[in-house]
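No experiment lies behind these values; they were computed from the predicted model shown.
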Amino acid sequence: MKLTTWNVNSLRVRLPQLLTLLETQRPDIVALQETKLTDDVFPVEVFSERGYQVAFSGQKTYNGVALLSRQVPAGLQIGVPGLDDPQRRVIAATVDGVRVICLYVPNGQAVGSEKYDYKLSWLSAVRVWLQQELATHARVAVVGDFNIAPEDRDVHSPERWAGQVLVSAPEREAFQALLDLGLKDAFRLFEQPERVFSWWNYGALAFARNWGLRIDHILVSETLARECRSCTVDLEPRRHERPSDHAPVVAEFGERGEAAG
DNA sequence: ATGGCTTACAACGTAAGA
């Protein structure tokens with residue numbers, strides 16, 4: 001089973017690239033962030049024609065999340081239960097026996113700003129909900145754009161970024177609090193090359209220089225971690241013309257002894 | 001990157017992203 005998460009930064013613009021990804025990567029489940037589409041214009045047929053079920057929660061201009069899956073999604077959840085938030089940042093469903101929770105964590109803008117406070121309180125509400133999800137599901141994947149680089153090795157220049165939004169201590173503590181629920185960073189289950197990132201600023205040759213951050217993640221419950229066979233960043237879409245500023249992150253799962261994929 | 005892009009918007013500059 002292959003699970004991919006990707007912040008597309010406008011599904012309308014990135015749709016051709018996403019269809020290429022579906023053909024070449026053949027994922028079973030795809031979690032999308034920043035679709036920037038209202039639900040009435042979500043391209044349902046484009047995906048159903050290619051064998052994917054869709055679930056989505058969007059709004060105009062900003063945010064928006066979606067799940068694509070080969071199998072029919074069950075137990076669909078839009079938003080964080082009990083959290084009154086007009087921003088469409090959360091969608092969850094059970095597919096292939098895995099509770100897949102897709103998050104688009106607020107950016108936070110700048111340390112100390114109103115949006116930064118919103119980010120931290122949002123993460124706190126998500127943590128409370130995830131605790132319940134982990135208590136009721138053995139196989140859980142919490143995936144998406146977390147807008148947090150968990151460690152200095154996830155930052156191209158820790159000195160330059162020190163204390164900034166995306167790497168600040170309170171954000172990293174909030175990320176660690178999610179791991180403390182019993183989640184593992186799938187990427188770190190495996191030996192990885194140095195300087196692997198999932199986001200690079202547009203322009204300034206940032207991608208060519210690999211001036212990036214690893215802020216997109218796949219977190220897995222301990223049961224699911226035992227089934228995880230690989231977790232990688234797919235750099236290919238970032239090389240395309242008109243790329244998203246984020247690269248997809250891909251994890252493969254299989255039974256013990258089964259080949260990945 | 002202290003942003004040097006990119007996206008959306010009844011838009012032609014502004015807000016927001018990360």
Side-chain angles (χ1 to χ4, degrees), chain A residues 5-18 31-43 56-66 85-90 102-123 126 143-175 187 195-218 233 235 237-249:
Chain A
T5 179
W6 192 18
N7 180 325
V8 289
N9 186 16
S10 170
L11 181 55
R12 188 172 276 132
V13 174
R14 234 62 67 190
L15 186 57
Q17 296 181 29
L18 177 58
L32 301 174
Q33 303 86 40
E34 285 208 87
T35 56
K36 301 187 179 180
L37 291 178
T38 51
D39 292 348
D40 57 311
V41 294
F42 194 92
F56 44 85
S57 172
Q59 67 186 86
K60 194 162 77 168
T61 310
Y62 304 117
N63 308 314
V65 285
D85 185 355
Q87 301 191 27
R88 314 324 273 169
R89 297 180 174 278
V90 175
C102 168
L103 303 180
Y104 175 43
V105 176
N107 166 281
Q109 195 174 52
V111 174
S113 68
E114 205 170 290
K115 288 176 180 171
Y116 183 80
D117 293 340
Y118 164 65
K119 179 179 192 173
L120 293 179
S121 62
W122 189 94
L123 283 163
V126 165
V143 311
D145 177 1
F146 285 72
N147 271 316
I148 300 171
E151 303 176 50
D152 277 355
R153 60 179 166 163
D154 302 312
V155 180
H156 73 91
S157 174
E159 310 74 34
R160 188 173 286 278
W161 278 88
Q164 305 282 323
V165 73
L166 313 183
V167 311
S168 74
E171 290 166 89
R172 286 178 166 177
E173 285 161 15
F175 185 85
F187 184 79
R195 302 176 63 77
V196 175
F197 309 121
S198 68
W199 170 84
W200 304 257
N201 201 353
Y202 285 122
L205 297 176
F207 181 65
R209 293 165 164 156
N210 200 25
W211 288 354
L213 304 176
R214 195 176 69 91
I215 57 176
D216 300 87
H217 307 297
I218 294 177
V233 177
L235 296 177
R238 191 62 177 78
R239 299 190 181 107
H240 293 161
E241 286 198 29
R242 279 194 99 180
S244 169
D245 44 355
H246 295 254
V249 181

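Taking atom C1' on both nucleotides, B:dT6 is separated from B:dA11 by 15 Å, rounded to a whole Å. To the nearest whole angstrom, the two C1' atoms, one in B:dT7 and one in B:dT2, are 22 Å apart. When the P atom is used for both B:dA10 and B:dC5, the distance is 26 Å, rounded to whole Å.
Counting any heavy atom pair closer than 4.0 Å across all strands shown, A:Ile215 reaches sugar-phosphate atoms only and no base atom. Looking at heavy-atom distances under 4.0 Å, A:Phe207 makes no contact with the nucleic acid at all. Residue-level contact check: A:Asp216 touches neither bases nor backbone, having no heavy atom under 4.0 Å from any strand. At a threshold of 4.0 angstrom between heavy atoms, the contacts of A:Arg242 are confined to the sugar-phosphate backbone, with no base atom among them. Counting non-hydrogen atoms under 4.0 angstrom, A:Glu34 reaches the backbone sugars and phosphates but no base.
Remark: A:Glu151 pairs with A:Arg153 by the side chain to side chain donor-acceptor pair (under 3.5 Å) rule, at least two apart or across chains. Under the rule for a side chain to side chain donor-acceptor pair (under 3.5 Å), the partners of A:Trp122 that lie at least two apart in sequence or sit in another chain are A:Asp85. Residues passing the side chain to side chain contact (heavy atoms under 4.5 Å, CB included) test with A:Gln109, sequence neighbours excluded: A:Asn107, A:Ser113, A:Lys115. Considering only residues two or more places apart in sequence or on other chains, A:Trp200 meets the ring pair (Phe, Tyr, Trp, His ring centres under 6.0 Å) condition with A:Phe207.
Closest-nucleotide positions on DNA chain B for A:Tyr104 and A:Arg209 were compared, and the one nearer the 5' end corresponds to A:Arg209. Checking A:Trp200 against A:Ser10, the closest nucleotide of DNA chain B that is more toward the 5' end is the one next to A:Trp200.
Nearest to the side chain of A:Val13, among B:dG17, B:dT2, B:dA8, sits B:dA8.
Within residues 144-152 of chain A, the residues having any heavy atom under 4.0 Å from DNA chain B are, by residue number, A:Asp145, A:Asn147.
We find that CD of A:Gln59 is positioned 14 Å from P of B:dA8, with the value rounded to whole Å. In this structure, CZ of A:Arg238 is placed 9 Å from P of B:dT6, rounded to the nearest angstrom. Atom CG of A:Leu15 is separated from atom P of B:dA8 by 12 Å (rounded to the nearest Å). Protein atom CG of A:Leu205 is 11 Å distant from nucleotide atom P of B:dT6, rounded to whole Å. With rounding to whole Å, A:Leu11 atom CG is found 13 Å from B:dT7 atom P. Here B:dG17 presents its P atom at 16 Å from CD of A:Gln164, a figure rounded to the nearest Å. Rounded to a whole Å, the CD atom of A:Gln17 is 14 Å from the C1' atom of B:dT7. Counting to the nearest Å, the P atom of B:dT7 and the CG atom of A:Asn9 are 6 Å from each other.
The shortest side-chain heavy-atom distance between A:Asp152 and A:Arg172 falls under the 4.5 Å cut-off. Side chains of A:Val249 and A:His217 form no contact here, defined as non-hydrogen atoms less than 4.5 Å apart.
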Review point. Can A:Leu123 and A:Ile148 be said to form a side-chain contact (heavy atoms from CB on, under 4.5 Å), step by step?
Key: CA-CA 11 Å; A:Leu123 283 163; A:Ile148 300 171; 3.9 Å; yes

Between the protein and nucleotides 11-16 of chain B, list every N/O to N/O distance that falls short of 3.5 Å.
{"unit_1": "B:dA16", "atom_1": "O5'", "unit_2": "A:Lys115", "atom_2": "NZ", "d": "3.4"}

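Between the side chains of A:Asn63 and A:Arg88, no donor N or O sits under 3.5 Å from an acceptor N or O.
Of the charged side-chain nitrogens involved, none lies within less than 4.0 Å of a carboxylate oxygen, so that A:Asp40 and A:Lys60 do not count as a salt-bridged pair.
Using cut-offs of 30° and 60° for the angle between ring planes, the A:Phe197 and A:His156 rings count as perpendicular.
Checking the phosphate oxygens (OP1, OP2) of B:dT2, a side-chain nitrogen or oxygen of A:Arg160 falls inside 4.0 Å.
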